[in-house]
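Lettering of chains follows the sequences in order, A, B, ..., and the numbering in each one begins at 1.
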Amino acid sequence: MNASPTPAPARRRLVLIDGSSYLYRAFHALPPLSNEAGEPTGALFGVVNMLRATLNEKPDYVAFVVDAPGPTFRDEMYPQYKANRPPMPDDLRAQVQPMCEIVEALGITILRVPGVEADDVIGTLALRAARDGIDVTISTGDKDFAQLVRSGGDGGGGIALVNTMSGSRLDSEASVVEKFGVPPGRVVDLLALMGDAIDNIPGVDKCGPKTAAKWLNEYGSLDGVIAHADAVKGKIGDNLRAALPRLPLNRALVTINTEVALEQGPADLALRERHVEALRALYARYGFKQALRELDGGAAADAPAAAGDGRVSMRGTEAGHARGAAKPLDGLDPALAAPGEYETVLTREQLEAWVARLRQAGAFAFDTETDGLDPLQARLVGVSLAAEPGRAAYLPLGHDYPGAPAQLDLDAALAALRPLFADPGLRKIGQHGKFDLHVLRRHGVEVAGYADDTMLESFVYNATATRHDMDSLAKRYLGYDTVKYEQVAGKGAKQIAFSQVALEDATRYAAEDADVTLRLHRALGPKLAAEPALERVYREIEMPLVQVLERVEANGVMIDAEELRRQSADLNKRMLAAQQKATELAGRSFNLDSPKQVCALLYEELKLPALVKTPTGQPSANEEALEAIAELHELPRVILEYRGLAKLRSTYTDKLPEMINPHTGRVHTSYHQAGAATGRLASNDPNLQNIPIRTDDGRRIRQAFVAPPGRRIVSCDYSQIELRIMAHLSEDEGLLRAFESGADIHRATAAEVFGKAMDQVSANERRAAKAINFGLMYGMGAFGLARNLGIGRGEAQDYIALYFSRYPGVRDFMERTRQQARERGYVETVFGRRLYLENIHARNAGLRAGAERAAINAPMQGTAADIIKRAMVSIDAWLAERRERALMVLQVHDELVFEADADFVDELIAQATARMAAAAELRVPLVIDSGVGDNWDQAH
DNA sequence: CGAACGTCGTAC
DNA sequence: GACGTACGACGTTCGT
């Protein structure tokens with residue numbers, strides 16, 4: 001609570017596990033699994049997972065507490081105590097012993113105290129530890145323990161309650177009040193009134209948690225309720241008066257005894273070294289594969305490296321939050337953590353009130369709900385809106401199920417919203433809003449003033465976090481668990497369309513989306529604003545790009561499906577021939593698509609040498625491996641032939657025609673703006689950024705990317721943009737001069753490295769220089785270069801050394817970059833985009849080296865991404881008045897593809913190349929190559 | 001039977 | 001172990 005200037009030493013932590021509770025709950029919650037020997041394992045499995053989760057939190061002390069056989073003080077007090085509980089099922093009883101073995105092997109102390117119930121052991125230890133300043137977590141499924149919860153502070157530890165099966169957590173008085181309606185001190189009174197069927201304690205008939213809490217808040221305590229029992233009216237009042245005599249006993253029974261005499265104290269419960277071999281045997285016996293893997297591989301998992309020099313790495317702050325502090329997200333505005341109130345808008349009046357409220361607010365968050373995930377085909381089902389945290393509306397417009405309430409007319413409702421969305425002065429906030437922009441546009445609503453996108457805020461703030469979806473962001477930045485889509489619509493075969501979801505559930509889910517988006521923006525906006533460089537990347541590059549990408553996606557690209565079908569047929573013919581040949585050579589049939597079967601055939605049956613290994617150490621059947629043995633046998637070459645053909649057919653010629661949108665007749669990829677950590681876009685559904693070009697068979701596919709009659713395909717691409725950026729960043733004189741002169745850069749490099757005149761450079765020397773140029777940008781070493789060029793490692797090392805002696809600025813730049821990564825924990829692009837390197841201080845040398853390579857590559861790849869994004873925004877602005885004449889249809893990292901009227905091509909090329917070249921001011925010129933044709937292949 | 005993982009291969 | 005960033009097809013294994 002009280003923030004001290006220097007970080008306080010971490011509190012010691014004790015976890016008390018209610019073993020019996022977990023065993024029972026896991027047994028009933030999980031399906032009756034068994035291992036290969038037929039022994040039941042379901043409950044065991046649940047308990048083991050819970051234990052592993054518990055140990056991941058690295059507690060200092062742990063106890064696994066179970067009931068000892070024999071009567072306890074409660075039985076003496078109340079002979080019927082737990083009398084209606086059935087005997088333990090045999091299948092569960094069989095799991096008790098193995099469970100204890102696993103607990104022991106994990107290094108956890110098992111406590112079983114005769115004559116004392118597990119609850120009282122836990123209560124006693126919890127209180128003692130808290131008094132000693134230890135933070136206590138009680139892990140149980142039993143809500144009775146809520147009576148012990150307290151916040152830490154003033155030298156005392158806190159006592160928190162977690163239920164790992166439901167994921168719920170009570171860690172403060174306030175959270176208990178929120179859940180039960182009464183503070184921890186009144187929980188026993190509440191339980192006494194409610195009774196407990198499981199323990200055979202009858203409470204007040206028809207009195208549940210709500211009534212009990214109401215009475216307690218009215219009369220202060222159980223004694224107060226008893227004193228005023230006559231004042232309670234109605235049937236339930238009679239029930240209360242009938243139950244009066246037993247209420248004091250009830251309270252005694254549910255009160256956890258915290259003063260039991262115990263031999264052990266908290267200090268005796270220190271976690272011991274786990275017994276790996278014993279665990280391995282137990283896990284193997286019961287078939288716990290995941291636990292086994294963790295046992296074998298998990299030890300290598302490094303703790304995330306905190307960034308050096310006291311700068312706040314986002315990763316670092318997260319780790320800090322995660323460490324079980326009482327408030328999961330310190331420093332968060334409490335208004336952003338309060339529960340929300342959501343309204344279903346069904347009437348004209350409600351809608352008008354919301355329209356007024358949104359306009360009044362000057363900014364609002366919105367989200368659309370649809371009947372599908374393809375933004376170019378989905379139909380609108382509803383819209384949600386929020387203008388202040390905690391208050392949101394869901395406007396259902398297409399829910400259709402038996403008994404669905406009447407909803408506002410779609411067109412009328414959109415007509416009411418249209419002026420809001422069209423007003424550029426009214427700021428709109430979304431999460432992955434490109435999707436919603438598509439949907440709204442297709443329903444006749446144009447959006448202006450799309451000002452903030454929380455996905456992009458998160459991406460620019462820390463691109464390293466791989467997920468930027470709303471659920472993850474809410475968890476990460478608000479400590480908030482959202483309602484999941486599956487929770488309202490089901491999953492798998494049982495999933496229903498959102499239009500079938502009951503309005504109540506739909507509102508809970510959809511309105512929350514808008515609410516959480518707004519809250520996230522309130523949380524992330526200031527974080528971003530505190531970093532001016534990042535704020536600029538977000539404002540000046542990413543946000544303007546959203547609408548541009550939306551247009552590029554909506555434009556789509558025309559595909560000649562007939563051409564692809566012809567190619568598929570041709571590929572198919574050749575695949576069959578290759579397959580027949582392979583069967584002949586192998587002497588039997590096998591699945592050419594299965595690396596496993598290929599390996600078995602080549603290395604075991606045919607005894608060919610396995611020269612290449614996969615990253616997991618197994619013999620590989622990849623191209624390199626097959627090439628290596630192609631001299632020894634005909635079969636590898638045939639497999640390679642087959643593979644090349646199969647790849648083209650399955651990934652491209654068969655797939656692309658399937659992806660044609662029936663409404664537009666074109667293919668619309670989706671660009672993922674927060675896809676690549678370096679800032680590059682990623683393309684999917686389908687991926688149009690990896691259409692083949694290097695081989696003739698592959699390149700033919702580009703002939704199917706066409707323009708309609710009277711139009712042409714125009715391609716403009718940056719020439720050697722990443723190398724130019726390397727020249728800019730390194731300020732290496734030789735490299736700068738080479739680009740200044742406009743020479744062929746690989747030839748110039750070869751001339752420098754091999755000490756020749758430009759026109760004396762051989763094809764082979766140029767090839768080597770090109771490999772060096774590219775390899776360096778990826779952080780490649782001598783080994784990689786040697787493999788790439790098929791030369792010796794020593795020779796490759798000589799080339800690299802020679803290169804660095806000719807281009808010393810490049811060497812210095814690379815060293816500077818590595819150093820910056822180590823010191824600050826991140827590297828940045830020319831425009832200030834940052835990439836944090838998680839593993840830059842990893843103890844594992846492989847991970848660390850990988851992070852260093854990424855650090856070297858990211859400024860170049862990322863700057864190139866920034867530049868083309870800026871160019872896209874600029875070109876799109878110019879095209880705004882000329883959309884009939886030309887469309888931007890594809891982006892492939894350093895290339896933009898357009899479709900244009902034949903008589904507009906020259907003007908387009910002039911503008912596009914000029915704007916691409918002007919997208920950055922570097923120390924070298926940006927050069928753009930362009931081409932025109934009837935298809936993408938010709939345009940290159 | 002679907003999810004997750006491993007392997008392979010395409011692009012820049 | 002050894003070249004950065006992606007997506008996706010296919011086979012296989014896992015877990016429900």
Side-chain angles (χ1 to χ4, degrees), chain A residues 30-33 41-42 45 49 287-290 292-293 463 466 491-493 495 591-599 612-626 639-640 643-644 646-652 654-655 669-672 675-695 697-699 701-702 717-718 720-722 771-772 774-788 793 796 835 844-862 864-865 868 890-895:
Chain A
L30 295 171
L33 306 170
T41 60
F45 182 70
N49 281 337
F288 299 153
K289 306 267 165 60
Q290 207 187 336
L292 263 180
R293 269 202 300 279
T466 46
K491 65 169 184 173
Q495 189 164 81
N591 184 353
L592 280 87
D593 290 321
S594 165
K596 201 179 161 185
Q597 292 186 29
V598 168
C599 284
V612 182
K613 301 279 190 278
T614 69
T616 55
Q618 302 300 308
S620 172
N622 68 12
E623 181 177 355
E624 192 189 350
L626 299 190
I639 296 173
L640 285 172
R643 269 211 197 133
K647 172 82 175 177
L648 293 178
R649 193 166 74 98
S650 68
T651 310
Y652 304 106
D654 278 359
K655 199 71 195 174
T669 184
S670 171
Y671 289 101
H672 193 173
T678 52
R680 267 195 188 176
L681 299 178
S683 156
N684 59 24
D685 284 312
N687 181 354
L688 296 186
Q689 290 182 322
N690 70 347
I691 305 300
I693 193 169
R694 290 168 196 182
T695 65
D697 273 335
R699 187 178 307 141
I701 292 166
R702 293 184 176 229
D717 68 285
Y718 285 102
Q720 307 295 354
I721 188 167
E722 293 190 15
I772 296 176
F774 279 113
L776 283 173
M777 286 191 302
Y778 299 147
M780 186 169 69
F783 180 94
L785 183 62
R787 196 171 64 165
N788 201 327
R793 199 178 149 172
L835 180 67
N844 178 318
L847 286 179
R848 197 171 58 241
E852 288 185 1
R853 291 192 295 271
I856 285 176
N857 179 253
M860 294 179 273
Q861 190 180 117
I868 196 167
L890 293 173
Q891 190 254 40
V892 194
H893 306 311
D894 64 359
E895 172 186 13

S.K.: Counting any heavy atom closer than 4.0 Å, what does Gly846(A) reach on the DNA or RNA strands: base, sugar-phosphate only, or nothing?
M.R.: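 Touches nothing.
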
S.K.: What's the closest nucleotide to the Arg702(A) side chain, out of dT10(B), dA11(B), dT16(C)?
M.R.: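 Ranking dT10(B), dA11(B), dT16(C) by closest atom to the Arg702(A) side chain puts dA11(B) first.
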
S.K.: Can you check whether Gln689(A) has a side-chain N or O nearer than 4.0 Å to OP1 or OP2 of dG8(C)?
M.R.: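 The answer is no; no side-chain N or O of Gln689(A) sits under 4.0 Å from OP1 or OP2.
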
S.K.: Return the value, rounded to whole Å, for the distance between atom CD of Glu722(A) and atom C1' of dC12(B).
M.R.: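 The answer, rounded to whole Å, is 7 Å.
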
S.K.: Scan every strand shown for a Watson-Crick or G-U wobble partner of dC3(C), both distances under 3.5 Å, and answer none if you come up empty.
M.R.: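 Partner of dC3(C): none.
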
S.K.: Base, sugar-phosphate, or nothing: which does Phe774(A) touch, judged by heavy atoms less than 4.0 Å apart?
M.R.: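 No contact.
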
S.K.: Glu895(A) near the nucleic acid: base, sugar-phosphate alone, or nothing, with a heavy-atom cut-off under 4.0 Å?
M.R.: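 Nothing: the residue Glu895(A), judged by heavy atoms under 4.0 Å, touches no strand.
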
S.K.: Tell me the interatomic distance from Gln495(A), atom CD, to dA3(B), atom P, rounded to whole angstroms.
M.R.: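 In whole Å, dA3(B) P lies 10 Å from Gln495(A) CD.
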
S.K.: Tell me whether the side-chain N/O atoms of Arg694(A) come closer than 4.0 Å to OP1 or OP2 in dC12(B).
M.R.: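 So the side-chain polar atoms of Arg694(A) do come within 4.0 Å of the phosphate oxygens OP1 or OP2 of dC12(B), strictly under.
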
S.K.: Calculate the interatomic distance between Asn687(A) atom CG and dA9(C) atom P; express it in whole Å.
M.R.: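 Between P of dA9(C) and CG of Asn687(A): 10 Å.
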
S.K.: When you get a sec, tell me which of dT12(C), dT16(C), dG8(C) is the closest nucleotide to the side chain of Phe45(A)?
M.R.: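 Of all the options, the side chain of Phe45(A) is nearest to dT16(C).
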
S.K.: Hey, could you give me the CD1/CD distance between Ile693(A) and Glu895(A), rounded to the nearest 0.5 Å?
M.R.: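 Reported to 0.5 Å precision, the distance equals 7.0 Å.
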
S.K.: Round to the nearest Å and state the distance from Gln618(A) atom CD to dC8(B) atom P.
M.R.: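 Going from Gln618(A) (CD) to dC8(B) (P), I get 11 Å.
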
S.K.: Which of the following nucleotides, dC12(B), dA11(B), dA9(C), is nearest to the side chain of Lys655(A)?
M.R.: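 Shortest atom-to-atom distance from the side chain points to dA9(C).
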
S.K.: Whole Å only: how far is the CZ atom of Arg643(A) from the P atom of dA9(C)?
M.R.: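 Result: 17 Å.
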
S.K.: Using atom types as modelled and distance alone, determine if a side-chain donor or acceptor of Arg702(A) lies under 3.5 Å from a backbone N or O of Pro692(A).
M.R.: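 Yes, because the side chain of Arg702(A) sits within donor-acceptor range (under 3.5 Å) of the backbone of Pro692(A).
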
S.K.: With respect to the side chain of Asn690(A), which nucleotide from dA11(B), dC10(C), dC8(B) is positioned closest?
M.R.: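 Per side-chain heavy atoms of Asn690(A), the pick is dA11(B).
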
S.K.: Let me confirm one number: the CG-CG distance from Leu688(A) to Leu890(A), rounded to the nearest 0.5 Å.
M.R.: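 Those atoms lie 5.5 Å apart.
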
S.K.: Quick one: does any side-chain atom of Gln689(A) pair with a main-chain N or O of Gln891(A) as donor and acceptor, under 3.5 Å?
M.R.: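 Judged by distance alone, yes, a pair lies under 3.5 Å.
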
S.K.: Side chain of Glu623(A) only, please: which of dT10(B), dA6(C), dC3(C) is the nearest?
M.R.: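 It is dT10(B).
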
S.K.: Kindly say if Thr651(A) contacts the phosphate of dC7(C), meaning a side-chain N or O under 4.0 Å from OP1 or OP2.
M.R.: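 No, outside the criterion.
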
S.K.: So, Glu722(A) and Arg680(A), do they make that salt bridge, N to O below 4.0 Å?
M.R.: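 Salt bridge: yes.
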
S.K.: Take atom CZ of Arg793(A) and atom P of dC3(C), then tell me their distance rounded to the nearest Å.
M.R.: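 The answer, rounded to whole Å, is 10 Å.
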
S.K.: Give a yes/no answer on whether the side chain of Ser620(A) brings an N or O atom under 4.0 Å of OP1 or OP2 in dC8(B).
M.R.: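 Yes, Ser620(A) has a side-chain N/O under 4.0 Å of OP1/OP2 on dC8(B).
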
S.K.: Start at the 5' end of DNA chain C and walk down; is the nucleotide closest to Thr614(A) or to Asn684(A) reached first?
M.R.: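 Here Thr614(A) is the residue nearer the 5' end.
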
S.K.: Please tell me which of the listed nucleotides, dG8(C), dC8(B), dG11(C), lies nearest to the side chain of Asp593(A)?
M.R.: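 So the side chain of Asp593(A) is nearest to dG11(C).
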
S.K.: Contact class for Asn591(A) (heavy atom, under 4.0 Å): base, sugar-phosphate, or nothing?
M.R.: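 The residue Asn591(A) makes sugar-phosphate contact but no base contact.
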
S.K.: Checking all strands, does Ala677(A) fall into the base, sugar-phosphate, or nothing category for heavy-atom contacts under 4.0 angstrom?
M.R.: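 Answer is sugar-phosphate: Ala677(A) comes under 4.0 Å of backbone atoms only.
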
S.K.: Between atom CZ in Arg699(A) and atom C1' in dA11(B), what is the gap in whole Å?
M.R.: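 After rounding, the reported distance stands at 13 Å.
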
S.K.: May I ask you to verify whether the side chain of Lys596(A) and the base of dG11(C) hold a donor-acceptor pair under 3.5 Å?
M.R.: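 When only heavy-atom distances are counted, Lys596(A) does not reach the base of dG11(C) through any donor-acceptor pair under 3.5 Å.
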
S.K.: With respect to the side chain of Gln861(A), which nucleotide from dG4(C), dC12(B), dG9(B) is positioned closest?
M.R.: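 Closest of the options to the side chain of Gln861(A): dG4(C).
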
S.K.: Assign Ile693(A) to base, sugar-phosphate, or nothing according to its heavy-atom contacts below 4.0 angstrom with the strands shown.
M.R.: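 Counting heavy atoms under 4.0 Å across all strands, the contact made by Ile693(A) is with sugar-phosphate only.
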
S.K.: Could you give the distance from NE2 (His672(A)) to CG (Leu681(A)), rounded to the nearest 0.5 Å?
M.R.: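 The distance works out to 10.0 Å.
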
S.K.: How far does CD of Glu623(A) sit from CD1 of Ile639(A), to the nearest 0.5 angstrom?
M.R.: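 Atom-to-atom, Glu623(A):CD and Ile639(A):CD1 are 12.5 Å apart.
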
S.K.: Please work out if Gly781(A) contacts a base, only the sugar-phosphate, or nothing of the nucleic acid, heavy-atom cut-off 4.0 Å.
M.R.: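 Sugar-phosphate, backbone atoms only, no base.
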
S.K.: Please give, in whole Å, the distance from dA11(B) P to Tyr778(A) OH?
M.R.: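 Checked: the OH to P distance equals 12 Å.
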
S.K.: In whole angstrom, give me the gap between the P atoms of dC3(C) and dC5(B).
M.R.: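 Roughly 25 Å separates the two P atoms.
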
S.K.: Would you mind telling me which of dG8(C), dT12(C), dC7(C) lies closest to the side-chain atoms of His672(A)?
M.R.: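 Nearest listed nucleotide: dC7(C).
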
S.K.: Paired with dC14(C): which nucleotide, if any, by Watson-Crick or G-U wobble criteria at under 3.5 Å for both distances?
M.R.: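 By the stated definition (distances under 3.5 Å), dG2(B) pairs with dC14(C).
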
S.K.: CZ/Phe783(A) to CZ/Arg793(A) distance, rounded to the nearest 0.5 angstrom?
M.R.: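 Spacing of CZ (Phe783(A)) from CZ (Arg793(A)) equals 7.0 Å.
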
S.K.: Ignoring hydrogens and geometry beyond distance, is the side chain of Arg680(A) in donor-acceptor contact with the base of dC12(B) at under 3.5 Å?
M.R.: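 Side chain to base: pair present.
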
S.K.: Heavy atoms only, 4.0 Å cut-off, all strands: where does Ala621(A) land among base, sugar-phosphate and nothing?
M.R.: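 Touches sugar-phosphate only.
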
